[in-house]
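Report on one structure; see the data block that follows.
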Amino acid sequence: MPQVKICGITRLKDIFALINYPVWALGFIQVETSPRYVKPDFAKKLISYLPNRIIPVGVFQDQSIQTVKQIREYCGFSMVQLHGNEEPSFCAKLGRGVIRAFRIGNKLDLVQIEHYQSVSDYFLFDTFVPGKNGGTGQPFSWKLLKGIERFKQPFLISGGLSPDNIQKCLDITTPFGIDVNSGVESSPGEKDAQKVHLLFKRLNMV
Ligand SMILES: O=C(O)c1ccccc1N[C@@H]1O[C@H](COP(=O)(O)O)[C@@H](O)[C@H]1O
């Protein structure tokens, strides 16, 4: 079974519900334009309720290296997920704990990805939607990931994953992990307990 990351956490009640599941990581959006943005103060508070087994991930997009480092340190993020146009040199300055997101349109850019091999711990594949950097709620064609095994990096799949399509996704590809966001929400930033439960049920993890 893949590791499960649930992203876009904004409420304490969702933390209390999610810690009862075999969650690998939880994501806290640090992009101010996102409806799932949580201020660093509040993200730090939410993280303080996590058991050690759950990895807190800060999600950033085209912010300065100082900002990313400062917020990472302040909140206690074990990993940062980069969702913008961050260059390999930017990732390198962060050291370990980098998840580099790539947005997939109609093909996988293996040459671009290759440049990030030595400077990221995980790759994350999300859906390309013009004008949006994440949280689109739309899946991409998972068949496009054919050939990704050539990289040693473990990878996560995101983009519109939900209890309804998770099995189909895993029939087509074998990721290290899945990153689920809007597919388990009742509205942006509000996780839906029933959808979360159904997700883990469909994964045979409860
Ligand atoms: O969720 C957001 O609002 C967001 C904003 C900016 C960057 C990333 C964001 N979320 C990430 O987007 C993917 C896919 O989300 P979805 O399942 O399609 O809703 C996921 O990795 C989130 O971490």
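Residues take their numbers from the sequence shown, with the count starting at 1. As the structure lists them, so they are numbered: ligands from 1, and atoms in each ligand from 1.
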| said: So that I can tick it off, tell me whether K195 and E185 are bridged by a salt bridge, with the cut-off set at under 4.0 angstrom between side-chain N and carboxylate O. | reply: no
Ligand 1 to [X] polar contact by distance, N or O atoms, under 3.5 Å:
X    : value
N133 : no
V31  : no
G135 : yes
Q61  : no

| field | Matching residue for Y116 among F102, F123, F155 - test: ring pair (Phe, Tyr, Trp, His ring centres under 6.0 Å) | value |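 In the set F102, F123, F155, the residue that makes a ring pair (Phe, Tyr, Trp, His ring centres under 6.0 Å) with Y116 is F102.
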Could you tell me which atoms of ligand 1, counted from 1 in the order shown, lie closer than 4.0 angstrom to a heavy atom of [X]?
X    : answer
I29  : 1 (O), 2 (C), 4 (C), 9 (C), 10 (N)
Q81  : 21 (O), 23 (O)
S158 : 13 (C), 14 (C), 20 (C), 21 (O)

| task | Under the side chain to side chain contact (heavy atoms under 4.5 Å, CB included) rule, collect the residues that match up with P130, sequence neighbours excluded. | result |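 With sequence neighbours excluded, P130 shows a side chain to side chain contact (heavy atoms under 4.5 Å, CB included) to F128, given in chain and number order.
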| task | Identify, with sequence neighbours excluded, every residue that meets side chain to side chain contact (heavy atoms under 4.5 Å, CB included) alongside S48. | result | none
| query | At under 4.0 Å between heavy atoms, which part of T127 makes contact with ligand 1: side chain, backbone, both or neither? | reply |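 Looking at T127 and ligand 1, no heavy atom falls under 4.0 Å.
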Among protein heavy atoms, which lies nearest [atom], and at what distance?
atom                    : answer
atom 23 (O) of ligand 1 : C7 SG, 2.8 Å
atom 3 (O) of ligand 1  : S34 OG, 2.6 Å
atom 1 (O) of ligand 1  : N181 ND2, 2.8 Å
atom 16 (P) of ligand 1 : S182 OG, 3.5 Å
atom 21 (O) of ligand 1 : D179 OD2, 2.5 Å
atom 2 (C) of ligand 1  : R36 NH1, 3.3 Å
atom 13 (C) of ligand 1 : D126 OD2, 3.5 Å

Between the side chain of [X] and the main-chain N/O of [Y], is any donor-acceptor distance below 3.5 Å?
X    : Y    : value
Q70  : V68  : no
Q153 : S120 : yes
N133 : H83  : yes

So is [X] close enough to ligand 1, meaning a heavy atom under 4.0 angstrom away?
X    : answer
G160 : yes
G159 : yes
G137 : yes

| message | Before you tell me yes or no, could you show the steps for Q138 and K132 under side-chain hydrogen bond (donor to acceptor under 3.5 Å, both in side chains), namely the whole-Å CA-CA distance, both residues' side-chain angles and the distance that decides it to 0.1 Å? | response | CA-CA 11 Å; Q138 295 190 37; K132 281 196 123 186; over 6 Å; no
| Should L50 and I15 be marked as a side-chain contact (heavy atoms from CB on, under 4.5 Å) after you check the CA-CA gap, both sets of side-chain angles, and the distance that decides it? | CA-CA 7 Å; L50 294 185; I15 297 261; 3.9 Å; yes
| Taking the six-membered ring where the residue is Trp, are the ring centres of Y122 and F176 under 6.0 Å apart? | yes
| query | Can you tell which of E185, Q138, H83 gets a heavy atom nearest to atom 11 (C) of ligand 1? | reply | H83
| said: Counting only heavy atoms from other residues, nucleotides and ligands, does the tally under 6.0 Å from CD of E73 exceed 12? | reply: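 12 or below, so no.
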| said: Atom NZ of residue position K143 - does it have more than 12 heavy atoms of other residues, nucleotides or ligands inside 6.0 Å? | reply: no
